Amino acid sequence: MPDALPDATDVQDAALPEHRASLANLQRVIGDVGGHLGGPTLICVGGLHGNEPSGVHGLRRVVRALVENPHGLQGRMLALSGNRAALEADQRYFEHDLNRAWTPQRLALVHARDDALSYEDAELRDLEALIGQAVDAAPGYAAVFDLHSTSGGGPPFVTMDDTLSNRALAFQIPAPHVLGLEEELAGTMLGYWIERGVPAVGFESGQHSDPGSVDRAEAAVWITLESSGVLASGARSEVAAARDLLNTTAAGLPKVVEVRYREPVHLGVPFRMRPGYVSFQSVRRGDQLATNGTDAITAPESGLILMPLYQTQGEDGFFIVRPVRSFWLRISAMLRHLRMDRIAHWLPGVKRHPELEGAFLVNRKRARAFALEIFHLLGFRKRVMSKETLVVTPRERRRRR
Ligand SMILES: [Zn+2]
């Protein structure tokens with residue numbers, strides 16, 4: 001028997017199309033099934049951004065299907081809603097971005113005081129506690145899956161920190177995988193759980209108000225339930241149907257891309273994207289893409305544009321990505337299995353960080369220009385980079401208990 005049935009607020013208004021169904025008085029727990037089975041745990045979050053409801057609707061569908069028919073279920077799926085009042089208001093956030101607030105400093109502050117929390121800080125505290133409890137309660141494997149959508153159009157894609165455990169969780173999803181966003185964005189929920197040793201990947205299902213974004217969010221959840229082991233392999237027809245659906249949008253696109261550039265949006269400076277850009281559209285160096293106040297913004301290099309911003313809230317104007325060849329992915333997996341990071345300090349200009357465990361300090365004057373690329377292959381990420389030094393830390397960590 002399922003652990004919990006979706007409650008009354010989960011029953012949508014039949015007169016409305018599903019993607020416009022009510023998000024009023026949204027419950028935090030959209031569904032919680034299979035907890036008694038003792039298997040792996042997948043924690044899914046929809047609507048961390050309030051104007052991105054397709055994740056919530058997609059999760060409702062999957063929960064409903066699993067409650068009606070738990071066949072193949074061998075672990076726990078916990079489905080949570082994100083920024084609830086912002087979802088009801090169809091607004092990205094009220095006071096600050098809930099997906100940029102997951103820093104250890106902010107969480108320490110949020111835990112230290114009960115009064116005068118912002119709306120988003122209260123949501124942050126609640127979500128962190130619930131996800132943390134589910135991770136701690138998991139008898140073995142636990143992972144986080146975070147559902148989003150974009151203001152511009154284009155095919156769906158996966159966002160992930162390039163760890164081997166994230167690859168195992170997410171490479172089954174037939175969609176481009178975007179690596180390296182975490183080096184550009186601080187305080188994301190995914191980054192926080194990765195730091196705690198929990199595999200955590202995101203999925204961008206398409207344009208915010210496109211009903212198809214709900215279908216694609218649902219599809220990505222089905223596939224990830226199987227790749228996490230929450231569903232037995234091959235047990236559900238929904239997983240095969242999900243692969244078929246996402247295969248249609250992935251056709252002709254690179255399997256893996258890495259972020260090369262982020263265009264920041266500055267507070268108080270109106271950012272205007274030129275109309276018509278969609279994710280994965282080719283741009284050439286020098287193309288005029290947007291304006292920042294009265295300044296023209298051109299592409300600093302050729303590549304594929306990602307997440308062009310067509311809404312007023314948000315700090316990222318667009319990204320430029322480029323494909324990563326599968327050869328390099330295989331090489332990097334091999335280097336990591338061999339634990340080549342243990343001899344990284346043999347490289348010229350590289351030494352172990354005196355304070356940060358597992359980290360390396362790179363003297364950029366002495367090290368080769370491609371030091372960061374080598375550390376990416378070895379499974380490290382950039383932490384701090386100045387003219388003289390670069391600090392890299394390992395992406396993969398053991399789960400802290
Ligand atoms: Zn989002």
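When a ligand or atom number is given, it counts from 1 through the structure's own listing order. Since the structure is predicted, the reported quantities are computational estimates derived from the model, not experimental observations.
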### Message
Need the atom name: nearest N/O/S atom of His148 to the Zn ion (ligand 1).
### Response
ND1
## Note on the structure
the Zn ion (ligand 1) has as its nearest N, O or S atom from His49 the atom ND1
In residues 270-282, what donor-acceptor pairs under 3.5 Å come from side-chain atoms, sequence neighbours left out?
from   : atom 1 : to     : atom 2 : distance (Å)
Arg274 : NH1    : Gln288 : O      : 3.2
Ser279 : OG     : Met307 : N      : 3.0
Gln281 : OE1    : Val278 : N      : 3.0

### Task
Flag the pair His49 / Tyr93 as yes when their ring centroid distance falls below 6.0 Å, and as no otherwise.
no
### Message
With respect to the Zn ion (ligand 1), please indicate if Glu52 possesses an N, O or S atom at a distance under 2.8 Å.
### Response
yes
Compile the donor-acceptor pairs under 3.5 Å between side chains in residues 73-82 and protein atoms, sequence neighbours left out, one pair per line.
from  : atom 1 : to     : atom 2 : distance (Å)
Gln74 : NE2    : Gly229 : O      : 3.0
Arg76 : NE     : Asp32  : OD1    : 2.9
Arg76 : NH2    : Asp32  : OD2    : 3.0
Ser81 : OG     : Gln27  : O      : 2.7
Ser81 : OG     : Arg28  : O      : 3.3

### Message
Once you measure the plane-to-plane angle for Trp102 and Tyr192, does it fall in the parallel (<30°), tilted (30-60°) or perpendicular (>60°) bin?
### Response
tilted
